[in-house]
Amino acid sequence: MSGFAFDPSILAFLDDLSANNNRTWFEENKQRFKTDVQGQLVAIVEALAPKLADISPHIIADPRPNGKTIFRIYRDVRFSKDKRPYKEHAACHFRHASEQDVHGPGFYFHIDREGIVLGAGVWAPPSDDLRAIRQHIVDQPKAWAALKAENGLGILLDGFEADRLKTAPRGFPKDHEHVEDLKRKSFVVSQRLPREAVTGPDLIDSVAKAYCSCAPANAFICTALGLPF
């Protein structure tokens, strides 16, 4: 299925949702959502599954609409000033088999009105995991430097605007050569594909190539966490 491409209907739905982000409109268009969004996400998860298996046998690609990979469209607005009830993007997280939620290492896929966002790594991990990753950087500074130099991962990592500590985390040297990375609260590399890539015939190959280039980042993180990759 390397020739898989989204039907333009998924972009049309996201365009319409952006202009009508309310429950009445969504209920009237729920069948469109199930067909044009959920159905197509199921298809791309199935198409990417063998590509991900080639990268790592420990990454889950669960095509069920309400399984471990495909995110729900509903926003949690309980503590947000933004009360729009629905996300204006559709997303998947191909997580490590050992992890129970999105805060473990994995690969990210996100489609919105502008195109596609791809990511890899770990976002806002628990404190113990974050400390383990930081310690692995301290213990393996050359390996971390080589990782950042490989396939432009350093540029992709620095392009992700995640929160950082203002100073070195407690218990870590302030003068460490990678102190700016030790300040990170997330370790994510990300890149964007343009809107025309959504319906392009080379989509799966482009995503697989991007994930392969980011795989060393997940491998480093998994080693830090004592996980197989």
Side-chain angles (χ1 to χ4, degrees), residues 1-15 17 26 29-76 86-123 156 188-215 217-219 221-222 227-229:
M1 292 187 68
S2 60
F4 172 91
F6 282 109
D7 185 89
S9 59
I10 191 169
L11 291 172
F13 182 91
L14 294 174
D15 286 340
L17 176 60
F26 188 85
N29 290 270
K30 199 165 188 177
Q31 188 54 51
R32 278 184 67 195
F33 167 71
K34 290 182 178 179
T35 301
D36 299 340
V37 180
Q38 274 192 331
Q40 295 203 67
L41 287 180
V42 168
I44 196 169
V45 170
E46 291 175 340
L48 285 171
K51 302 287 188 180
L52 287 162
D54 288 341
I55 295 172
S56 169
H58 303 287
I59 298 296
I60 294 175
D62 181 355
R64 295 174 298 166
N66 296 307
K68 294 183 176 181
T69 296
I70 298 175
F71 284 112
R72 289 162 56 85
I73 193 74
Y74 307 98
R75 296 183 65 245
D76 184 353
Y86 307 104
K87 301 170 186 173
E88 295 178 4
H89 63 268
C92 303
H93 182 246
F94 302 97
R95 71 181 67 166
H96 193 280
S98 69
E99 301 298 322
Q100 300 302 313
D101 57 35
V102 299
H103 300 289
F107 296 93
Y108 181 70
F109 180 94
H110 161 136
I111 177 172
D112 58 30
R113 298 170 64 206
E114 281 72 47
I116 291 170
V117 175
L118 302 174
V122 60
W123 172 71
L156 296 177
V188 175
V189 293
S190 65
Q191 56 185 294
R192 178 175 277 280
L193 303 178
R195 182 175 170 113
E196 54 266 28
V198 174
T199 55
D202 299 324
L203 176 62
I204 296 301
D205 288 340
S206 295
V207 174
K209 182 178 179 181
Y211 285 167
C212 282
S213 70
C214 296
N218 269 334
I221 291 166
C222 286
L227 301 175
F229 188 79

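The structure displayed is predicted, hence computed values, not measured ones.
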Original post:
Hey, is the main chain of Gly119 close enough, under 3.5 Å, to the side chain of Tyr211 for a donor-acceptor pair?
Top reply: no
Original post:
Checking side-chain contact (heavy atoms from CB on, under 4.5 Å) against Cys212, which of Ile55, Asp54, Val207 comes through?
Top reply: Ile55
Original post:
Are any non-hydrogen side-chain atoms of Asp62 and Val45 less than 4.5 angstrom apart?
Top reply: no
Original post:
Is there a side-chain contact between Asp36 and Asp7 (heavy atoms, below 4.5 Å)?
Top reply: no
Original post:
Between atom CG of Leu203 and atom CG of Leu48, what is the distance when rounded to the nearest 0.5 Å?
Top reply: 7.5 Å
Original post:
Mind checking what makes ring pair (Phe, Tyr, Trp, His ring centres under 6.0 Å) contact with Phe109, not counting sequence neighbours?
Top reply: none
Original post:
Distance-only, no hydrogens or angles: does the Asn218 side chain make a donor-acceptor pair with backbone N or O of Gly121 under 3.5 Å?
Top reply: yes
**OP:** Using atom types as modelled and distance alone, determine if a side-chain donor or acceptor of Glu46 lies under 3.5 Å from a backbone N or O of Pro63.
**Re:** no
**OP:** Sequence neighbours left out, what passes salt bridge (Lys or Arg N to Asp or Glu O under 4.0 Å) with Glu114? Give chain and number order.
**Re:** none
Original post:
Does the pair Lys209/Asp202 count as a salt bridge with the N-to-O cut at 4.0 Å?
Top reply: no
**OP:** Report yes or no: does Arg95 contribute a side-chain atom to a donor-acceptor pair with the main-chain N or O of Gly104 at less than 3.5 Å?
**Re:** no
Original post:
Is there a donor in the side chain of Ser98 and an acceptor in the side chain of His96, or the other way round, less than 3.5 Å apart?
Top reply: yes
Original post:
Taking the side chain as C-beta and beyond, is there a heavy-atom pair between Cys214 and Gln191 under 4.5 Å?
Top reply: yes
Original post:
Taking the six-membered ring for Trp, are His103 and Trp123 parallel (under 30°), tilted (30 to 60°) or perpendicular (over 60°)?
Top reply: parallel
**OP:** Start with the C-alpha distance between Phe71 and Val102, add both sets of side-chain angles, then the distance that settles side chain to side chain contact (heavy atoms under 4.5 Å, CB included), and finish with yes or no.
**Re:** CA-CA 10 Å; Phe71 284 112; Val102 299; 3.2 Å; yes
Subject >> Those residues that, when tested against Asp101, pass salt bridge (Lys or Arg N to Asp or Glu O under 4.0 Å) (two or more places apart) >> reply: none
**OP:** Evaluate side chain to side chain contact (heavy atoms under 4.5 Å, CB included) for Phe6 paired with Ile44, printing each intermediate quantity in order.
**Re:** CA-CA 8 Å; Phe6 282 109; Ile44 196 169; 3.6 Å; yes
**OP:** Give a yes or no on whether the backbone of Phe229 and the side-chain of Ser56 come within a donor-acceptor separation of less than 3.5 Å.
**Re:** yes
**OP:** Count the heavy atoms belonging to other residues, nucleotides or ligands that lie under 6.0 Å from NZ of Lys87, then report whether that count exceeds 12.
**Re:** yes
Original post:
Would you call the rings of Phe33 and Phe26 parallel, tilted or perpendicular if under 30° counts as parallel and over 60° as perpendicular?
Top reply: tilted
Original post:
Glu99 and Leu227: side chain to side chain contact (heavy atoms under 4.5 Å, CB included), yes or no, with the steps?
Top reply: CA-CA 10 Å; Glu99 301 298 322; Leu227 301 175; 3.5 Å; yes
